[in-house]
Amino acid sequence: MSMLREILLLMLLVMARPILAGEFDVVDSFVQQRMKEVGVPGVAVAIVKEGKIVYTKGYGESSPGVPITPQTPFLLASLTKSFTALSVMQLVEEGRIDLDTPITRYLPQLNFADEASGKITVRQLLNHTSGFSTLSGRKHFFSRDVGQEALERSVRDHSAERLTALPGKKFQYSNVNFNMASLIVAKVSGQTFEQYIRERIYAPLQMTSSFTNEADAQTHGLTIGYRFWFGIPIAANDIPYSHTGLGSGGLLSSAEDLARYTLANLGDESGQVLSQTGFAEIHKPGVHIVRDIHYGLGWLVSKKPDGLVIWHRGDMECVHTDIMMAPDEKIGVDTLMNVNSPSKGTQLINIAEGVFGLARGKDPNMVSDDPVPTIVMFTILAIFIIQVVWGCRFILKLRRWQRQPETKPRRWRILIGVIFSVVLNLTIAIAIFMVLPAVFETPYSSIYLFMPDAFVITALSGGFALLWGVARNFLAFRQVTKTALTGKGA
């Protein structure tokens, strides 16, 4: 009997023991290799399994000479949306918010642009079917407003915009939705959104290296961010931070703290912040996006052949963040990186998905690179080179016409060249400054924040088109005038 008791005790100890860091050597090697290949300055990783934090580690540097640690704060970017959804659901469980009630009940002070806006429900905010566009949600990126009323000012401005779809009819990922939802939390709770997050989520989950503003995070070692300039990571010290987008992308946390948050989402009982029914509602597949991907309430949900995956990704100017959970396996992975660029977005995703795959005992799921941003950038670069060559060629023609007047074309041919130049240069300028931002649903000013190398190329090409269009045609008209005065080419 004594021996049986000892065997049972030994079995319980083996089953309950935490997984040792050495068992994650494959994760360690994978992250370091991919960081080197992609050029990522710093990464923080946390892995949870069956109710425990089994692995946390920081890689690389937060700033020159300062190592990344599991406690290093990062801007969470759009991972913030899940916190906002959780806040709303807490108030739903308290009977203070109804998901299917129009938001005008909670924000009566807003003057919406049309009747349809007044019918938007809280649920439609949280699953991005309100009718606000993606482009609209990116307009606050240049704001530096950290005042107490920043969030409300931002929401008030957006409420005056007309919807691009009727509420409930179309999925459009828009930061406006979660900024409005966070203001609802503030109005219903009677606290600022920052206070609410600190008291109702950070404190009970013991998230001690998590913050609601940049200044506090900086005093605790907030990582600086990097942007890729033609493939080289360069520190970005001029990135704006504001509270206008606090509910959609402004919270800050560390890998270690996110591990505690991930455990809560996976059903861990310690520091409970929401009932299992509430989490099930948040994680439930809602609106269909594409293929096997749905959007729940602040979370993306994928129905994979090997099980359900609940996840979200965050992308701001100089950070890329991921939370991925396999609820059936009780496994979650948090990956934070202090660099970003759409041109390398897929490679950054591959790091996060690779760690998630390895944590589940699978091979890294490497997705093919998205060539579109690079193709667009190099296409515009090629256009700019052609513009410069074309301009130099025209100047050489003018010099030849001055030296050899008999080689000058007829006046009508010069006028045709003027018309062609006007149309071509105007088309290039419109395509770069108007069409490109519309296609990518990003204000042109935000292209500078996310892809500074592409911004330089597009600005040069578009600016050259406008300036050279004027200069070339002025020079051409001079030739027409000279032709008219000399009587040649009539």
Side-chain angles (χ1 to χ4, degrees), residues 73 75-99 101-110 120-123 125-126 130 140 143-159 175-220 222 241-254 257-258 260-261 264-265 271-275 278-279 281-282 297-299:
L75 178 66
L76 292 182
S78 285
L79 297 190
T80 299
K81 292 179 173 66
S82 67
F83 285 83
T84 300
L86 172 56
S87 302
V88 171
M89 189 55 65
Q90 286 177 328
L91 295 171
V92 168
E93 291 197 332
E94 293 173 7
R96 302 168 73 183
I97 290 179
D98 185 328
L99 288 175
T101 292
I103 61 176
T104 49
R105 174 179 173 182
Y106 308 107
L107 302 175
Q109 74 275 27
L110 298 183
I120 298 170
T121 66
V122 178
R123 187 186 301 274
L125 291 180
L126 298 182
S130 65
H140 71 269
S143 172
R144 295 182 183 273
D145 189 350
V146 293
Q148 287 294 322
E149 304 299 323
L151 178 59
E152 185 159 358
R153 278 193 290 269
S154 170
V155 170
R156 190 182 300 117
D157 290 344
H158 285 301
S159 67
N175 292 323
V176 175
N177 297 316
F178 280 79
N179 292 336
M180 285 191 172
S182 61
L183 184 60
I184 289 174
V185 170
K187 294 300 182 183
V188 171
S189 68
Q191 300 175 284
T192 65
F193 184 65
E194 299 96 304
Q195 290 173 324
Y196 187 94
I197 292 293
R198 289 195 298 266
E199 294 178 14
R200 297 293 304 273
I201 299 179
Y202 286 173
L205 293 180
Q206 298 179 24
M207 299 175 67
T208 56
S209 54
S210 298
F211 307 94
T212 57
N213 64 79
E214 185 182 45
D216 287 345
Q218 285 174 336
T219 64
H220 290 79
L222 174 66
Y241 175 85
S242 80
H243 279 182
T244 59
L246 186 63
S248 60
L251 298 182
L252 308 101
S253 188
S254 66
D257 277 5
L258 278 185
R260 298 186 178 95
Y261 177 69
N265 275 272
Q272 188 73 4
V273 289
L274 191 67
S275 72
F279 276 119
E281 182 68 26
I282 288 174
L297 303 179
W299 288 99

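Numbers here simply count residues along the sequence, with the first being 1. Keep in mind it's a predicted model, so treat the numbers as computed, not measured.
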Pairwise distance [atom1]([X]) to [atom2]([Y]) - rounded to 0.5 angstrom:
{"X": "Arg123", "Y": "Leu99", "atom1": "CZ", "atom2": "CG", "answer": "4.5 Å"}
{"X": "Ile120", "Y": "Thr101", "atom1": "CD1", "atom2": "OG1", "answer": "14.0 Å"}
{"X": "Leu151", "Y": "Phe193", "atom1": "CG", "atom2": "CZ", "answer": "8.0 Å"}
{"X": "Leu126", "Y": "Ile282", "atom1": "CG", "atom2": "CD1", "answer": "8.5 Å"}
{"X": "Asn265", "Y": "Leu86", "atom1": "CG", "atom2": "CG", "answer": "7.0 Å"}

Seminar exercise, completed: Arg200 meets the salt bridge (charged side-chain N to carboxylate O under 4.0 Å, His left out) criterion, sequence neighbours left out, with Glu94
Problem set entry | Non-neighbouring partners of Glu152 that pass salt bridge (charged side-chain N to carboxylate O under 4.0 Å, His left out), sequence neighbours left out | Arg156, Lys187
Can you name the nearest heavy-atom pair linking [X] to [Y], along with the distance?
{"X": "Ser210", "Y": "Asp257", "value": "OG-OD2, 2.7 Å"}
{"X": "Ala203", "Y": "Glu199", "value": "CB-O, 3.8 Å"}
{"X": "Leu297", "Y": "Ala85", "value": "O-CB, 3.2 Å"}
{"X": "Leu222", "Y": "Glu214", "value": "CD2-CG, 3.8 Å"}
{"X": "Met207", "Y": "Ser253", "value": "CE-OG, 3.7 Å"}
{"X": "Met180", "Y": "Val155", "value": "CG-CG1, 3.6 Å"}

Exercise. Testing Arg198, His243, Glu194 for side-chain hydrogen bond (donor to acceptor under 3.5 Å, both in side chains) with Thr212, which one passes?
Worked result: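 With Thr212 as partner, side-chain hydrogen bond (donor to acceptor under 3.5 Å, both in side chains) holds for just one option, Arg198.
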Any heavy-atom pair between the side chains of [Y] and [X] that's under 4.5 Å?
{"X": "Lys81", "Y": "Asn175", "result": "yes"}
{"X": "Leu125", "Y": "Ile184", "result": "yes"}
{"X": "Val122", "Y": "Arg105", "result": "no"}
{"X": "Leu258", "Y": "Leu76", "result": "yes"}
{"X": "Leu246", "Y": "Ser182", "result": "no"}

Would you confirm whether [X], through its side chain, and [Y], through its main-chain N or O, come within 3.5 Å as a donor-acceptor pair?
{"X": "Glu93", "Y": "Leu274", "value": "no"}
{"X": "Asn179", "Y": "Ser248", "value": "yes"}
{"X": "Ser87", "Y": "Phe83", "value": "yes"}
{"X": "Thr244", "Y": "Ser154", "value": "no"}
{"X": "Thr84", "Y": "Gly247", "value": "yes"}
{"X": "Ser189", "Y": "Val185", "value": "yes"}
{"X": "Tyr202", "Y": "Phe211", "value": "yes"}
{"X": "Tyr106", "Y": "Leu183", "value": "no"}

Exercise. Should we say atom CD of Gln206 is surrounded by more than 12 heavy atoms from elsewhere, each under 6.0 Å from it?
Worked result: no
Problem set entry | Polar contact flag, side-chain donor to acceptor under 3.5 angstrom, Ser82-Tyr261 |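 Ser82 vs Tyr261: donor-acceptor pair found between side chains.
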